[in-house]
Amino acid sequence: MRDETLSAELLAWYDRHARDLPWRVGPAARAGGAQPDPYRVWLSEVMLQQTTVAAVKDYFHRFTTRWPDVGALAAAEDADVMGEWAGLGYYARARNLLKCARAVASEHGGRFPDSHAALLSLPGIGPYTAAAIAAIAFDRPETVVDGNVERVMSRLFAVETPLPTAKPELTAHAARLTPVERPGDHAQAVMDLGATICTPRNPACGICPWQAPCRARTAGIAAELPRKLPKKPKPIRFGIAYLGRRSDGAWLLERRPASGLLGGMLGWPGTDWAETAPAPAPPVEADWHPLGAEVRHTFTHFHLRLALCVAELGPDCTPGRGQFLPPDAFRPSDLPTVMRKAFDLARTAFATA
DNA sequence: AAGGCGTGGCG
DNA sequence: TCGCCAAGCCT
């Protein structure tokens, strides 16, 4: 059965405390008839997948400045989009972002569909994002369930079953609270609550609009929820990267395969990353010098220790892999973070050589 | 249907 | 220093 009492209390809080975000139409403007741009809602939601608001803001501004609408993005070069996404992580999102933009442009006349089912069929749009776009951009009564909602529901109803087992139960709770009126504001309100008050650690229960009905707070276990299954330890992997600079200043880089880790991104040629020390595998015969420092970087499922080799390459150098990018065609900011760390260390070495 | 897939901030 | 965590999706 539906319970809109709780939502009414939350919306009253949201009307006073909604965060001002670049992609958001606030409750006052929305009440005045303003509608969010589905393109901006979609772009922000994809960027926000497993990513904090603070990390997304600058990327969102750069993307919307460079590609103001879905048609412009659909017409962009792959390398430009991947370069603009560099540093934000989870690069499959960028690959699917382009696929989705092109699908909207070619199959939907340049307009985002407004139904959950149609949105779900687009690349990079899963259950959460489809519901978020339908609710926020089109004010459809969809139930949005992300990590925030799971945490808030687990506390509000004191669900002690660990995630991900508890997910269906938490989704059912969230669905009961979804109002027919203002479902978009409701969705954003629950997520704002989770992001600012019902936080993972040290939740600010004293100022929470749901402090009275919250069963975890009553039981004194709010900070312990949601419970989660233990995680596997991350192994350490080792690799070597080769940073070669030609005498004219061009750097030897390569485009990584279109799928897998850092898929589609620019990177330095090198060995595979394995749990045992790699055999040297330079991309071209040269006087490679090992760098004293190594890059340490942690991915989702392993720690990487990346040894670096640098070399000055001759003007007629013809490498077996990769391509030379002249200085005016190479922005270090186009590199994923692990590769940019390597560049920063090597650049220092060249500068002092 | 578990596991692959980035990064930065925080306690 | 280190584990945890963030507006998940795909295979």
Asks: NA contact type, A:K167, heavy-atom cut-off 4.0 Å: base, sugar-phosphate, or nothing?
Replies: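 No contact.
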Asks: What's the closest nucleotide to the side chain of A:P200 if the choices are C:dG3, C:dA6, B:dT7?
Replies: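 It is C:dA6.
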Asks: Distance alone, cut at 3.5 Å: any donor-acceptor contact between the side chains of A:S247 and A:E312?
Replies: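 No donor-acceptor contact under 3.5 Å links the two side chains.
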Asks: If you only use heavy atoms from C-beta on, which nucleotide in C:dC5, B:dT7, C:dG3 is closest to the side chain of A:H297?
Replies: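 That would be B:dT7.
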Asks: Ring-plane angle category for A:W288 and A:Y242, please: parallel below 30°, perpendicular beyond 60°, tilted otherwise.
Replies: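 Rings of A:W288 and A:Y242: perpendicular, as their planes differ by over 60°.
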Asks: Sequence neighbours excluded, which residues qualify as side chain to side chain contact (heavy atoms under 4.5 Å, CB included) partners of A:D20?
Replies: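 Listed in chain order: nothing, the list is empty.
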Asks: Could you list all the ring pair (Phe, Tyr, Trp, His ring centres under 6.0 Å) pairs where at least one residue sits in residues 122-159 of chain A, not counting sequence neighbours?
Replies: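 For residues 122-159 of chain A, and leaving out neighbouring residues, the ring pair (Phe, Tyr, Trp, His ring centres under 6.0 Å) pairs sorted by first residue read A:F157-A:H173.
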Asks: Checking A:A134 now: which residues fulfil side chain to side chain contact (heavy atoms under 4.5 Å, CB included) with it, not counting sequence neighbours?
Replies: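 Residues passing side chain to side chain contact (heavy atoms under 4.5 Å, CB included) with A:A134: A:L119, A:R140, A:E142.
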Asks: Counting only side-chain nitrogens and oxygens, does A:K232 get under 4.0 Å of the OP1 or OP2 atom of B:dG3?
Replies: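 Indeed, a polar side-chain atom of A:K232 lies that close.
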Asks: How about A:F299 and A:H297: are their ring centres within less than 6.0 Å of each other?
Replies: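 Yes - the distance between ring centres of A:F299 and A:H297 falls below the 6.0 Å cut-off.
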Asks: For DNA chain B, produce a single dot-bracket line, 5' to 3'. Pairs: Watson-Crick or G-U wobble, both distances under 3.5 Å. Symbols: ( ) within strand, [ ] crossing, | other strand, . unpaired.
Replies: .||||.|||||
Asks: With respect to the phosphate group of B:dG4, does any side-chain polar atom (N or O) of A:H301 fall under 4.0 Å of OP1 or OP2?
Replies: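 Looking at the OP1 and OP2 atoms of B:dG4, neither is under 4.0 Å from any side-chain N or O of A:H301.
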Asks: Taking only side-chain nitrogens and oxygens of A:K234, does any of them come within less than 4.0 Å of OP1 or OP2 of B:dG4?
Replies: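 So the side-chain polar atoms of A:K234 never come under 4.0 Å of the phosphate oxygens OP1 or OP2 of B:dG4.
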Asks: Name all residues meeting the side chain to side chain donor-acceptor pair (under 3.5 Å) criterion together with A:R255; count only those two or more places apart in sequence or in a different chain, and write none if there are none.
Replies: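 Listed in chain order: nothing, the list is empty.
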Asks: Which is more 5' along DNA chain C, the nucleotide nearest A:P226 or the one nearest A:G147? Just name the residue.
Replies: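 The residue closer to the strand's 5' end, by nearest nucleotide, is A:P226.
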Asks: Please enumerate all residues that pass side chain to side chain donor-acceptor pair (under 3.5 Å) together with A:H116, with sequence neighbours excluded.
Replies: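 For A:H116, no residue satisfies side chain to side chain donor-acceptor pair (under 3.5 Å) once neighbours in sequence are set aside.
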Asks: Near DNA chain B, counting only heavy atoms under 4.0 Å, which residues of residues 88-103 of chain A show up?
Replies: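 Listed by number, they are A:L88, A:G89, A:Y90, A:Y91.
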Asks: Of the listed nucleotides (B:dC5, C:dA6, B:dG8), which one gets closest to any side-chain atom of A:T300?
Replies: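 Nearest nucleotide to the side chain: B:dC5.
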Asks: Phosphate oxygens OP1/OP2 of C:dC5: is one of them under 4.0 Å from a side-chain N or O of A:K231?
Replies: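 A:K231 to C:dC5 OP1/OP2: side-chain N or O found under 4.0 Å.
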Asks: Just checking A:R296: base, sugar-phosphate only, or nothing, at a heavy-atom cut-off of under 4.0 Å?
Replies: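 Nothing: the residue A:R296, judged by heavy atoms under 4.0 Å, touches no strand.
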Asks: Scan residues 113-144 of chain A against DNA chain B and write down, sorted by residue number, each residue with any heavy atom closer than 4.0 Å; if none is found, say none.
Replies: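 Contacts with DNA chain B under 4.0 Å: none.
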Asks: Could you go through the ring-ring contact (aromatic ring centres under 6.0 Å, His included) check for A:W268 and A:W251 one step at a time?
Replies: CA-CA 9 Å; A:W268 306 106; A:W251 292 91; 5.6 Å; yes
Asks: Going by number, which of residues 256-267 of chain A have a non-hydrogen atom under 4.0 Å from DNA chain B?
Replies: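 Those residues are A:G260, A:L261, A:L262.
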Asks: How far, in whole Å, is C:dT11 from B:dG6 if one measures between their P atoms?
Replies: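 One P to the other, the span is 14 Å.
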Asks: Is it true that A:F112 and A:W42 have ring centroids separated by less than 6.0 Å?
Replies: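 Distance test on ring centres: under 6.0 Å, yes.
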Asks: Within residues 44-53 of chain A, which residues have any heavy atom lying less than 4.0 Å from an atom of DNA chain B?
Replies: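 Correct list: A:Q50, A:T51.
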Asks: Could you check whether atom CZ of A:R62 has more than 12 heavy atoms from other residues, nucleotides or ligands sitting under 6.0 Å from it?
Replies: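 Counting other residues, nucleotides and ligands, CZ of A:R62 exceeds 12 neighbours.
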Asks: Can you name the side chain to side chain contact (heavy atoms under 4.5 Å, CB included) partners of A:A105, sequence neighbours left out?
Replies: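 Side chain to side chain contact (heavy atoms under 4.5 Å, CB included) check on A:A105 returns A:A74.
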Asks: What nucleic acid atoms does A:G194 come within less than 4.0 Å of, heavy atoms only: base, sugar-phosphate, or nothing?
Replies: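 Here A:G194 touches no strand at all.
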Asks: Going by the rule ring pair (Phe, Tyr, Trp, His ring centres under 6.0 Å), which residues pair with A:W67 if we only count those two or more places apart in sequence or in a different chain?
Replies: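 Here the qualifying residues are A:F63.
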